[in-house]
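Keep in mind that this is a model prediction, so the values were computed, not measured.
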Amino acid sequence: MSNAVSNIRAVIDIGTNSVKLLVAETAEGSVRPLHEASEQTRLGRGLYETGRLSAQSLRVTARVLERYATDANNLESRSIRVVATSAARDAKNGDELADVVKQSTGSGLEIISGDQEASWVYRGVSSQSGMSGQPLLVSDVGGGSTELIIGDQGECRFAHSFQLGTVRQLEDTTHSDPPSHAELNTTLDRLGNRIREEIVPRLREPLTSYNPAIDSIVGVGGTTTFLARINHATDEFNRKQIETTRFETADLKTLTEKLWNLSLDQRRNLPGLPPNRADVILFGAAIYLALLTELNLKTLLVSTRGVRFGALLDS
């Protein structure tokens, strides 16, 4: 086996909303993706009402894991690392997920803490061209939680996981179809109150400790990837195009209002948005708009590199 092949590794990230695969070659602190995949399994569906992962969600997740393990093995990956985040942390029956992972992939399950998740997200984003030499505020808005990280020169200076996610918001919110302008404002007000109470006090000092102060947020994960693709009206995953997308606050407000003005069926037909993301995208866009507004930031930048890239670099 050649040295190049020996450096091929795989990471499967089991999130509240979706399961993602990255098979890549790693060398000297860099990650060269060979194969990526993402499939929504809604592992966290009903979790916040029952406290448990449902049997149906576990079955769906098992099928995806089996397919991803096959993909990784076909690419001669030397290892498959399986990590799980918010839903697995919160569930009373996380051991059942661990059993599913072992049976489907042959690997053990790592249920990582919010701090570990944030650290890997920052490390992954820092591997992106142009991101490593400047102070960064990074956010990963997932289904169950939002990780906020501040880092500089490759070092994570602040990291915290907040119980603010798209699936949580979807399950906690009743809205019309299409939603009304008043319902969007109510959602933004509720999110704004939570951010002012829980997030602003923690971030105020680290954000303003730099000169000049950090004035943008780097969003990583499915939400910002899909917002970028919607903005470009394309279903193609073009990493360069996605990672050079910028949303000023006014731009994101316009896009958020557009999404909230559409019915569910209309959102399902939007170029760039997978139909099974048409419900949670409302809350992903609203969370980022509220973060920009309440933290007095100017711009949302986009990265496609998060937990999986960080986990590979930490292998």
Self-check item: Identified side-chain contact (heavy atoms from CB on, under 4.5 Å) partner of Ile14 from the options Thr85, Val83, Leu109
Solution: Leu109
Self-check item: Distance, nearest 0.5 Å, that separates CD1 of Ile287 from OG1 of Thr146
Solution: 5.0 Å
Quiz prompt | Polar side-chain atom of Ser209 near backbone of Pro206 as donor-acceptor pair, under 3.5 Å | solution = yes
Practice problem: Answer yes when Arg268 and Asp265 have at least one side-chain N-carboxylate O distance shorter than 4.0 Å, and no when they do not. | Solution: yes
Exercise. Find the distance between CZ (Phe158) and CG (Leu203) and round it off to the nearest 0.5 Å.
Key: 4.5 Å
Quiz item: Residues in side-chain contact (heavy atoms from CB on, under 4.5 Å) with Arg168, at least two apart?
Solution: Tyr48, Ser86, Asp90, Gln163
Quiz item: Salt bridge between Arg78 and Glu76, side-chain N to carboxylate O under 4.0 Å?
Solution: no
Quiz item: How long is the gap from CG on Leu43 to CG on Leu53, to the nearest 0.5 Å?
Solution: 4.5 Å
Exercise. Determine, step by step, whether Val302 and Leu227 satisfy the side chain to side chain contact (heavy atoms under 4.5 Å, CB included) criterion, reporting the C-alpha distance in whole Å, the side-chain angles of both residues, the deciding distance to 0.1 Å, and the verdict.
Key: CA-CA 9 Å; Val302 182; Leu227 289 175; over 6 Å; no
Quiz item: Just checking, any donor-acceptor pair under 3.5 angstrom between side chains of Asp152 and Gln134?
Solution: no
Quiz item: Do Arg190 and Thr173 have a side chain donor and acceptor closer than 3.5 Å?
Solution: yes
Exercise. State whether a side-chain donor-acceptor pair under 3.5 Å links Ser176 with Glu183.
Key: yes
Exercise. Not counting sequence neighbours, which residues clear side-chain contact (heavy atoms from CB on, under 4.5 Å) with Ser38? List them please.
Key: Ser18, Lys20, Arg277
Exercise. Please check if the side chain of Tyr122 supplies one atom and the backbone of Glu117 the other of a donor-acceptor pair under 3.5 Å.
Key: no
Practice problem: Decide salt bridge (charged side-chain N to carboxylate O under 4.0 Å, His left out) for Glu96 and Arg52; before the verdict, give the C-alpha distance in whole Å, the side-chain angles of both, and the deciding distance to 0.1 Å. | Solution: CA-CA 10 Å; Glu96 294 181 31; Arg52 299 180 63 83; 3.0 Å; yes
Self-check item: Pair Glu257 + Lys253, salt bridge at N-O below 4.0 Å
Solution: yes
Practice problem: Look up atom CG in Leu292 and atom CD1 in Ile195, then write down how far apart they are to the nearest 0.5 Å. | Solution: 9.5 Å
Quiz item: Cut-off 3.5 Å, side chains only: do Arg239 and Thr304 have a donor facing an acceptor?
Solution: yes
Exercise. Name the orientation class of the two ring planes belonging to Trp260 and Phe283 (parallel below 30°, tilted from 30 to 60°, perpendicular beyond 60°).
Key: perpendicular
Quiz item: Atom OG1 of Thr166 and atom CG of Asp279: how far apart are they, to the nearest 0.5 Å?
Solution: 8.5 Å
Quiz item: How about Trp120 and Ile112: do any of their side-chain heavy atoms sit closer than 4.5 Å?
Solution: yes
Practice problem: For residues Arg194 and Leu164, determine if any side-chain heavy atom of one lies less than 4.5 Å from a side-chain heavy atom of the other. | Solution: yes
Quiz item: Is the CD atom of Glu205 crowded by more than 12 outside heavy atoms at less than 6.0 Å?
Solution: no
Exercise. State, yes or no, whether a side-chain contact exists between Thr26 and Arg9 at a heavy-atom distance under 4.5 Å.
Key: yes
Practice problem: Calculate, to the nearest 0.5 Å, the distance between atoms CD1 and NE2 belonging to Ile150 and His160 respectively. | Solution: 12.5 Å
Exercise. Would you list the pairs meeting salt bridge (Lys or Arg N to Asp or Glu O under 4.0 Å) in which at least one residue belongs to residues 292-305, sequence neighbours left out?
Key: Arg196-Glu294, Glu243-Arg305
Quiz prompt | Donor-acceptor under 3.5 Å (Thr234 side chain, Ile230 main chain) | solution = no
